[in-house]
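The structure appears right after this line, and notes come after that.
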Amino acid sequence: MLKQFKNAVRLLVLLATVTGPVLAATPVSGAAARGQLSEAIQILHSGQATNPAKAINALQRIARQGDQQARAEAMLWLGRAYRDGLAGTAKDVGMAFDYFQQAAGREGLNPEAQYELGRAYLNGEGTDRNLIAAYMWTELSLQTPSKISASAEAQKARLVALLNKVQLEKARQLVDQLATLYLQ
């Protein structure tokens, strides 16, 4: 019951974040979005808890108003911030999972977020453990080369060892279906 309540609250917070009032009068895009995104990521990487709210607010604004690539990158970093408690951000693996899901799917198509979503399913972080879903998202992350490709290959190898033959075949079918029906 408590888990259901927490999930409902996370969903409401996520909906309020996505549909809430717009903080800036003009959309954040192009060079401005990249600059704000870089600054927010730098704050999160610094490990200093001096102003995580500034980084989170900037990322949330870009996640709402940036172009597709900037939105996906912002949602990826919001997920990482909430999962890892970066720069003093309160840890919330459920919210992290929601951000990874948005950035990984049709809305963002971000391969790093797809990898992180696979990792979340593998470890049961913010969701139930689901090895088939973990394989599916990890494999999808490998379809677009990125800086996490080596980590994704290692995660995929681990998943292949954990899945039985039937599960692996089902996971591969789902990858094909998802790639052709949903992500294009």
Side-chain angles (χ1 to χ4, degrees), residues 7 9-24 26-127 133-134 137-138 140-155 183:
N7 286 338
V9 169
R10 274 196 295 264
L11 180 59
L12 289 174
V13 169
L14 180 63
L15 287 173
T17 300
V18 173
T19 62
V22 175
L23 297 177
T26 59
V28 180
S29 61
R34 284 188 294 278
Q36 291 177 17
L37 190 59
S38 293
E39 182 182 352
I41 292 169
Q42 188 175 17
I43 291 170
L44 294 177
H45 272 302
S46 72
Q48 298 174 353
T50 55
N51 203 354
K54 178 180 179 183
I56 296 299
N57 288 338
L59 290 172
Q60 288 174 336
R61 187 174 52 256
I62 295 166
R64 285 191 307 271
Q65 300 175 326
D67 59 31
Q68 181 182 12
Q69 185 178 359
R71 283 193 321 266
E73 186 80 8
M75 288 184 275
L76 168 68
W77 280 97
L78 283 164
R80 288 175 173 166
Y82 283 111
R83 181 193 62 207
D84 300 334
L86 297 178
T89 304
K91 285 187 178 186
D92 185 334
V93 293
M95 183 149 333
F97 179 82
D98 292 340
Y99 278 118
F100 290 144
Q101 204 168 29
Q102 290 176 55
R106 187 181 300 172
E107 189 173 334
L109 300 173
N110 184 295
E112 290 184 54
Q114 291 168 343
Y115 164 77
E116 295 288 5
L117 193 56
R119 176 182 162 181
Y121 277 116
L122 172 61
N123 298 321
E125 296 172 338
T127 188
W137 285 106
T138 302
L140 286 169
S141 76
L142 289 166
Q143 292 183 2
T144 305
S146 70
K147 60 185 171 186
I148 54 85
S149 292
S151 297
E153 285 288 353
Q155 183 167 289
L183 295 178

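The structure presented is a predicted model; accordingly, all values stated were derived computationally and were not measured.
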Would a 4.5 Å heavy-atom cut-off, applied to side chains only, mark L44 and L59 as touching?
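Yes. Closest side-chain heavy atoms under 4.5 Å.
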Flag the pair F100 / R80 as yes when at least one side-chain heavy-atom distance between them is below 4.5 Å, and no otherwise.
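Result yes, sub-4.5 Å side-chain heavy-atom pair found.
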Any chance you could measure [X], atom [atom1], to [Y], atom [atom2], to the nearest 0.5 Å?
| X | Y | atom1 | atom2 | result |
| --- | --- | --- | --- | --- |
| L86 | L78 | CG | CG | 10.5 Å |
| R83 | T89 | CZ | OG1 | 12.5 Å |
| R71 | R64 | CZ | CZ | 12.0 Å |
| W77 | E116 | CH2 | CD | 9.0 Å |
| Y115 | I148 | OH | CD1 | 7.0 Å |
| E125 | K91 | CD | NZ | 9.5 Å |

For atom CD of Q69, is the number of surrounding heavy atoms from other residues, nucleotides or ligands below 6.0 Å larger than 12?
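Counting neighbours around CD of Q69, 12 or fewer heavy atoms of other residues, nucleotides or ligands fall under 6.0 Å, so no.
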Tell me the closest heavy-atom pair linking [X] and [Y], and the distance in Å.
| X | Y | result |
| --- | --- | --- |
| A81 | I56 | CB-CD1, 3.9 Å |
| A96 | G79 | CB-O, 3.1 Å |
| G105 | W137 | CA-CH2, 4.2 Å |
| L142 | A152 | CD2-CB, 3.5 Å |

With sequence neighbours excluded, residues passing side chain to side chain contact (heavy atoms under 4.5 Å, CB included) with A113:
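For A113 the side chain to side chain contact (heavy atoms under 4.5 Å, CB included) partners, ignoring immediate neighbours, are L76, A103, A104, N110.
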With sequence neighbours left out, which residue pairs that include part of residues 143-155 fulfil the side-chain hydrogen bond (donor to acceptor under 3.5 Å, both in side chains) condition?
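Found T138-Q155.
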So does E39 pair up with K54, basic N to acidic O under 4.0 Å?
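Judged by the 4.0 Å cut-off on N to carboxylate O distance, E39 and K54 do form a salt bridge.
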Would you call the rings of Y99 and Y82 parallel, tilted or perpendicular if under 30° counts as parallel and over 60° as perpendicular?
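Correct class here is parallel.
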